[in-house]
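The block underneath contains the structure these notes are about, expressed in structure tokens.
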There are 2 protein chains.
Amino acid sequence: MSLIVQKFGGTSMGSIERIQNVAKRVAKWHRAGHQVVVVPSAMAGETNRLLGLAAELSDMPDPRELDMLAATGEQASSALLALALQAQGVDARSYTGWQVPVKTDSAYTKARIKEIDGQRILNDLNADKVVIVTGFQGIDPEGHITTLGRGGSDTSAVAIAAAIKADQCLIFTDVDGVYTTDPRVVPEARRMNVISFEEMLEMASLGSKVLQIRAVEFAGKYKVPLRVLSSLTDPEIPVEEEIVSGTLITIEEDPSMEAAVVSGIAFSRDEAKITILGVPDRPGIASGILSPIADANIDVDMIIQNQSVDGTTDFSFTVNRSGFKQAIKVINEVVLKNVNAREVITDDKVCKVSIVGIGMHSHAGVASKMFSTLAEEGVNIQMISTSEIKTSVLIEDKYMELAVRALHKVFGLDQETTDEE
Amino acid sequence: MSLIVQKFGGTSMGSIERIQNVAKRVAKWHRAGHQVVVVPSAMAGETNRLLGLAAELSDMPDPRELDMLAATGEQASSALLALALQAQGVDARSYTGWQVPVKTDSAYTKARIKEIDGQRILNDLNADKVVIVTGFQGIDPEGHITTLGRGGSDTSAVAIAAAIKADQCLIFTDVDGVYTTDPRVVPEARRMNVISFEEMLEMASLGSKVLQIRAVEFAGKYKVPLRVLSSLTDPEIPVEEEIVSGTLITIEEDPSMEAAVVSGIAFSRDEAKITILGVPDRPGIASGILSPIADANIDVDMIIQNQSVDGTTDFSFTVNRSGFKQAIKVINEVVLKNVNAREVITDDKVCKVSIVGIGMHSHAGVASKMFSTLAEEGVNIQMISTSEIKTSVLIEDKYMELAVRALHKVFGLDQETTDEE
């Protein structure tokens, strides 16, 4: 018997029939003797419907009231799932975030979980109940309802799993696991059986959108084994089969993982580059440029400052494409008033490609293999940034697919060559 | 400055535009210097939509989960009203039942309010906020969400008014007050400016459906002045005009009320009569007949036992028409096994007409005036029941309108004769 947390997204909860399918899947685990906590999202479309009503009333709606409003979506879907489970003959009970309680800070619409009291959940599990806990929401120190922001249900599930010391947290999604890269770009992409938390963090933040990044951080911090698996299989698939499906995100460095130096190739088109040429090379210049950008709430990703020549230097950085226009405005209106510069060059026809692998830090020559592979394909590298377990390059975006495919192949990730499944 | 609780029903909250109108109305009171607590229902149709989803999942849905589900309707409408008020420049904050808290027993779907802590509401009022509290719901001693049953928002509003010692509780509805009888039956029916709690109770329970009867009981018990008024007037109607509109339900016996011996005529078609002829006249016979009916959860209204003749008597009572068929079944299957009887006669072509007035108990001859009026119109009286402030008769239902109009006229309620407004 194990203690399992299962999270289902809005699509899985999107209709009465789908809720009944979720109930069948959960009931199967309960019948097999496992203790199950389910964390459902709101029914697909419901959160948008509610926030749409709020938008009709106000251009700048009060975040506290938005959370009060949005939290109803998960409360309703949780109660419906309890009813669906009871209709399957399973004793089930739903709880809101405040009932557990899931304690958060007071940052409405993007609150962070501070503490979860698992006792109420454990009491019900020990009474042979399936426990359903609303995802996405909690209660702040003053007793107000908070939400964790879009996608927060993943984080709720992991945090609850940590609080009750669950054996595993299963994230059911519409993909069947984490792939070495996006299969739409590289048909030979392979589903990984196992990936480390660190690698998953890099894969997620670099654009392989499977799991909310905060959920992965949380799982790593509290050592919660996390499994991403498909919610589209037959709900009656045997438990023994389901528990080994998908991709396990693990804390332990699996000996078998050592084999692969590079685990996956991540990429993102959501990049734009800004280069400021001929700025004086003196202390404080970086913050003189980047502080006004940060003040405008624009996220900066890669940052490069070149070697100084004749007392001036070139300074480049990338931002999300959504922040591109505003960043240019901030540079013209604020930065260039404080910082002398010869010229500003901008480019939003760029993309970022990264190789990720926990084995990289102990293997020399991985980065240079990446650079030579791109050179052979005639791809010019504009910027480079590195960390312990990843190397990222910024390239012209028309070369993205070409680069990803070449790297996927050269690092032995193609299905034909290393299919260990 | 006064402290006012305002309740708005689902129709008033039925769309974004209507919520904006409610906000305008409330904002006007706030601007005029009053402290306002608003108790909204769910948006029209929302509770039915939610319960419809539950019905798709289960024939006998768990009442606890139904309450969890249904409570989301008022939570959403309350948050939306807060946003609408803020858009009007009014500082507003919404609370759920559990946040106040509104403490109830654990009778899910029909819980009763036990205690309300008004401190949180009062603190916000003193900080110049409009406070919005979800109607219809509360929290039980174990921290589960409860609802008060259909129409419970009236009761919530009155209970909150009692807890914070409000000066008045305004129930905004789609009628503009309480009438001497139903204007659809008697076009001359007159809106009353004032009515006593006792009269209102009789009027409400006898079929003048304006206010939930539990709300009236609550208001009488805790001496909360209650006003029923229209939500269909221009929201910008001056406060001084609005506060004297509609009908005030008062604790005090207003001297001006003495004038009218009969305040109103109530009636109900929801009646069916069962008569058991020739039952032995011995102790225990009434409970022998009525206990099985009560055990089947059928409400009995009027009860009459005739003078015994030759050791047997005739026993008549009325039930709601919805319970009629089951009552007959219970009589045939249970009662007649325990009680000897000559014959059972049933009739669902009956109605009840009542005259109600707090002045009745000090005026002789009111009942006989009722009987003689009906006799003059050729209406035969089948059953009579009386209380301190009302006299009810059961008559053939085809005479209902005729009887109501005649009584309305003879007791001086017609608009032409006593229009004091």
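Chain naming here is simple, since letters A, B, ... match the order of the sequence lines and numbering starts at 1 in each.
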Which one wins on heavy-atom pair count under 4.5 Å against chain A: B/Leu50, B/Ile19, B/Leu80? B/Leu80
Salt-bridged, A/Asp105 to A/Arg112, with N to O below 4.0 Å? no
Please classify the contact between A/Ala23 and chain B as side chain, backbone, both or neither, with a heavy-atom cut-off of under 4.5 Å. neither
So do the side chains of B/Ser106 and B/Pro141 get within less than 4.5 Å of each other, counting heavy atoms only? yes
Scan side-chain atoms only and decide if A/Thr109 and A/Thr147 contain a donor-acceptor pair under the 3.5 Å cut-off. no
Answer key: most heavy-atom pairs under 4.5 Å with chain A among B/Thr96, B/Asp59, B/Leu66 is B/Thr96
Given that the side chain runs from C-beta out, which part of A/Arg120 has a heavy atom under 4.5 Å from chain B: side chain, backbone, both or neither? side chain
A/Glu65 with B/Arg93: basic N within carboxylate O range, under 4.0 Å: no
Heavy-atom distances under 4.5 Å only: say whether B/Gln86 touches chain A with side chain, backbone, both or neither. side chain
B/Arg25 bridged to B/Glu236 by N-O distance under 4.0 Å: no
Whether the A/Trp98 and B/Gln99 side chains hold a donor-acceptor pair (N or O, under 3.5 Å, no angle test) is what I'd like checked. no
Quick check: under 4.5 Å, non-hydrogen atoms only, which of residues 31-38 of chain A neighbour chain B? none
Crowded around A/Glu17 CD? As in, over 12 foreign heavy atoms under 6.0 Å? no
Proximity breakdown for B/Ile139 and chain A, heavy-atom pairs closer than 4.5 Å: side chain
Answer yes or no: is there a side-chain heavy-atom contact under 4.5 Å between B/His144 and B/Asp67? no
Quick check on the interface: out of A/Pro61, A/Ser94, A/Ala87, who has the most heavy-atom pairs with chain B under 4.5 Å? A/Ser94
Taking B/Ser2 for its side chain and B/Ile4 for its backbone only, find out whether a donor-acceptor pair lies under 3.5 Å. no
